[in-house]
Q: 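The structure under discussion is supplied below as structure tokens; questions concerning it will follow.
Note on naming: letters A, B, ... go to the chains in the order of the sequence lines (proteins, then strands), and numbering restarts at 1 for each one. All heavy atoms count here, side chains included; hydrogens, waters and symmetry mates do not.
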Amino acid sequence: MHLTLEKLAPFLGSYYLVLAVMNAVFGYFLWEHKKNIRQAVFWTVVAGAFTIMASIAYSGQQKLMELVSLPEAFRGFVDGNLANPALYTIGTSAFLVTMFLFRKVLVQPVVAWGLLVLALLLMGLSMADVQFAEIVTKPDNVPIVAMVFLLGYFTWLATAQAVKNDERTARGEDPLEKLNNEKILVWPDLVYTELICMVAVTAVLTYWAVGLQAPLEDAASSVKTPNPSKAPWYFLGLQEMLVYFDPWMAGVVLPSTIVAGLMAIPYLDFNKAGNGYYTINQRKFAYLVFQFGFLELWVTLIILGTFLRGPNWNFFGPYEQWDAHKVVALNNVDLSQFFWLGLVGYMPKAPDGASEIAKFGWILWRELPGIIVVVSYLALLPPFLGLTIFRGFYKRMGLIRFMVMSNLLLMMMLLPIKMVLRWTINLKYLISIPEYLLNL
Amino acid sequence: MVDPKKMSVEEILAACRGGSSSSSSPPESKPALAKDEPSAATGKPAASKPVESKPAAGKPAGAKPGGMNTADILAAARGGAAKSEPASASDGPAPAKSAPGAKSPPAAKPGAMSVADILAAARKGAGAAKETAAEEKPAAKKAPPAKPAAAKAAAQAEPEPVSGAKDTSSILAAARKGVKPGPISKEEAKQRATATIEKPEKSMPVRPAKPAYAIPSPPVAAQSDRRDFFAVVAGSFLAVGFSSFALTNVVWLLGLARFMFPNVLTEPPSKFKVGFSANFAPDTVSDNFKAQFGVWVVNTVYEGQRQIVALRTVCTHLGCTPNWLEAEQKFKCPCHGSGFYKDGVNFEGPAPRPLERYAIQLADDGQLEVDKSRIFYSEKGEWGDSASFVAV
Ligand code: FES
């Protein structure tokens, strides 16, 4: 499938038209129900602008289309200077932190609407770039795009509720969820909603099935792996993790730890607040840890894996051609090599003809630096944390619960730490014992 | 009041209790007035009564959940008996008495008659009936004597104002007490205790005799034998069931095992010839055998020695198939980006060890022969094995 601007034009035109209608409806809503004349006018003007963009986009002419696309220089800059995993991760983290810090402002409906329109606009402008459009409109990826927006919506909804509740709590009132306690409007409220949802979902699925080709690939072959070869979207975070870890770690140990850790949450949690209602202030630690693990370590990695990883699992900018021959200079080095070759000048190696046990001893000796680092990270850090910043936690949780929690936390932090180490010093493994398939 | 559609169960109950409490107020106040000031009460104007009892009716929210339970009523009766309450002053004519009770229906939703409502109505009715008798017998211990009792026992009194709505306890109470509804004196109670109530004989229709065909015949021995045939053979029906269950499972397992060995043979022979060594120019990677055999034949220099080796086309990370990139002179895995030099040694990405080598040798006819049944691992120091390469 090779997209061209002409093929894109009808889609882009309709896209902007939908945006125009959305904004017009929003303006009408503000006018009619909120009596907010000034804002209503503003959004209606925005709607008008989108109508103009729609007509430009419908034309499908190269010259005109440049008006509704991002400038070439900007795209080049993004691809050339910003497109690497380190900047991507730092950027998304900064973005999420900003969202968190300014949540009181950002969750206001009008502001949130503005952000949504901006995001959609940026996507529309980017879509005039054929490379970008090709990735985004791939039948595999369309649902992922939809889910990104869906996730944004639900995150906004939960945060807005939490912010409202936190303000109420600050004023000494009950959270919103407590006001209508015991009141569940089933008929017709809930039942009608369900009916409408059913109809809508059926319509979307039907349209989806008719409108998008199934993403079929070549017949399977054990000697041919598609390039790039991507996991199902929900596992792209794992696949990204596999770049930084041994298959045993990223494929077995860490996923199991994630599942076990999620199951352990209720038993580790000693904070009774926030039961049955949204809140952030009353459970800041839990909220931040979970959102970091979910949004940063899972969702952004899925987005990264879907849209920014191309052939040979290289990192590509959003507007960059997926070139299977892109050369990325990488040379990853184990910690033991850093230590022995860098500081001592040779690698310890078992003499020829040594017994198995002696060989094993030599291996341990070779990997000693990494073993020391890992053991102190997992065994010495928890008590240290318990005595310093997590003192209060330790007192309230007791020894075992605290140890479990801190170890889970440290396991979680392994991923970002290894990512940073890979980017900065090209570190491959802290402990590398390929002889026994044990690497970390 | 709230829109009925949006009323929660609690609100409905509260509303009902509000109604019921107002309707149950008469029994509450009555014993007190009956007992304490029989004479004084009669003197007072009837009009004062509704005013007095209204507070009780007026605050449904304040009413205890459940309105009045039996214990409450009893307590009220006793309390009334103990201390004289000015509140219940008027013991006016019956109509005046029941007035507050009659006022309650509008408060209670007609559609929403709960148990409490019914009880309250019954009690109110009882109160009204009691009314007549109440004046002379102030010592009532039982607050809500039921109407049926009044009808049955109190032959003296008036016709019943309300019919129906009798509950078991009131009937029992009336039956035990004997005759009269409403408060009675202790002496009377004693007298009545001896009185017995006659129960009407119940006449039942006579059951017709069973016809001959309906009388079960004694079981025939032969029949039971036939039925137990399988049980005799297999031990019991349970055994039959479990045996067949187990048998089915065994068949399933066998089928599953068979499924593991499909009727196809995809594997090419593990030993095959790839041509003469002259075909493999120095520092080249031959991609020709990848699709069929999963092998790269490489002519390269490893540890200072020029050799021809057969590399397995499986990534040592998670088993994808890397590609040979001629321009970059490396093997590159599409899954997580592991990279390998021409000699198979890993240098980038997560692959923890070099690619694996198959055994290779010079066959008798001078061709190179690859043997996939033997694998040599570099990390175990096996690449030094002379079977793992052909020196050129
Ligand atoms: S399978 Fe080859 S890099 Fe992961």
Side-chain angles (χ1 to χ4, degrees), chain A residues 180-185 187-188 221-231 239-251 305 309-315 324-334 349-350 352 359 363 418 422 426 428-429 432-440, chain B residues 2-3 5-11 266-268 287-296 312-341 345-354 356 377-382 384:
Chain A
N180 276 341
N181 223 357
E182 265 196 54
K183 205 177 268 186
I184 304 164
L185 307 180
W187 176 264
S221 158
S222 62
V223 289
K224 191 164 179 289
T225 306
N227 192 8
S229 217
K230 295 198 177 181
Q239 194 173 3
E240 190 62 26
M241 216 147 86
L242 278 165
V243 173
Y244 302 96
F245 284 102
D246 179 77
W248 267 104
M249 276 303 283
R309 287 292 191 182
N312 299 330
W313 212 246
N314 281 327
F315 193 98
H325 295 282
K326 176 175 178 172
V327 180
V328 180
L330 275 176
N331 199 346
N332 301 327
V333 186
D334 292 328
K349 197 163 176 290
D352 286 340
K359 273 188 194 163
I363 291 170
K418 275 218 70 182
R422 176 68 64 84
N426 255 325
K428 185 193 259 174
Y429 292 124
S432 164
I433 311 181
E435 292 87 343
Y436 296 97
L437 299 178
L438 202 140
N439 306 284
L440 189 75
Chain B
V2 205
D3 177 18
K5 188 191 120 193
K6 304 259 162 119
M7 272 176 56
S8 71
V9 177
E10 226 169 334
E11 283 164 339
T266 49
E267 237 166 290
D287 233 358
N288 301 342
F289 309 100
K290 183 180 165 189
Q292 196 188 347
F293 298 110
V295 167
W296 286 300
R312 193 179 174 210
T313 62
V314 172
C315 179
T316 49
H317 181 227
L318 269 183
C320 290
T321 310
N323 299 306
W324 168 248
L325 303 181
E326 188 65 45
E328 293 95 65
Q329 290 288 302
K330 69 180 179 190
F331 299 100
K332 184 78 174 167
C333 181
C335 289
H336 314 92
S338 287
F340 306 86
Y341 291 127
V345 173
N346 56 319
F347 71 98
E348 67 176 357
R353 53 203 181 83
E356 293 153 14
Y377 302 93
S378 152
E379 69 275 10
K380 295 189 181 160
E382 291 171 355

Q: Under 3.5 Å, is there a donor-acceptor pair between the side chain of A/Y429 and the main chain of B/P350?
A: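 Yes; at least one donor-acceptor contact below 3.5 Å.
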
Q: So which part of B/Y341 gets closer than 4.5 Å to some heavy atom of chain A, the side chain, the backbone, both or neither?
A: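 The side chain, not the backbone.
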
Q: Between B/C335 and A/T225, does the side chain to side chain contact (heavy atoms under 4.5 Å, CB included) criterion hold? Intermediate values first, please.
A: CA-CA 8 Å; B/C335 289; A/T225 306; 3.9 Å; yes

Q: With only heavy atoms counted, which part of B/K332 is less than 4.5 Å from chain A, the side chain, the backbone, both or neither?
A: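 Contact with chain A: backbone and side chain both.
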
Q: Measuring from A/S432:OG to B/E379:CD, what's the distance to the nearest 0.5 Å?
A: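 Between A/S432 OG and B/E379 CD, I get 10.0 Å after rounding to 0.5 Å.
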
Q: Measuring from B/H317:NE2 to A/F245:CZ, what's the distance to the nearest 0.5 Å?
A: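 It comes to 10.5 Å.
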
Q: Out of A/N312, A/V243, A/D246, A/N227, which one racks up the most heavy-atom pairs below 4.5 Å with chain B?
A: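 It is A/N312.
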
Q: Among B/C320, B/S378, B/G349, single out the residue with the greatest number of heavy-atom pairs under 4.5 Å to chain A.
A: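 Option with the greatest count: B/G349.
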
Q: With a 4.5 Å heavy-atom cut-off, do B/N346 and A/N332 have their side chains touching?
A: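 Not touching, per the 4.5 Å side-chain cut-off.
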
Q: Distance-only, no hydrogens or angles: does the A/K428 side chain make a donor-acceptor pair with backbone N or O of B/A351 under 3.5 Å?
A: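 Pair found, side chain donor or acceptor close to backbone of B/A351.
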
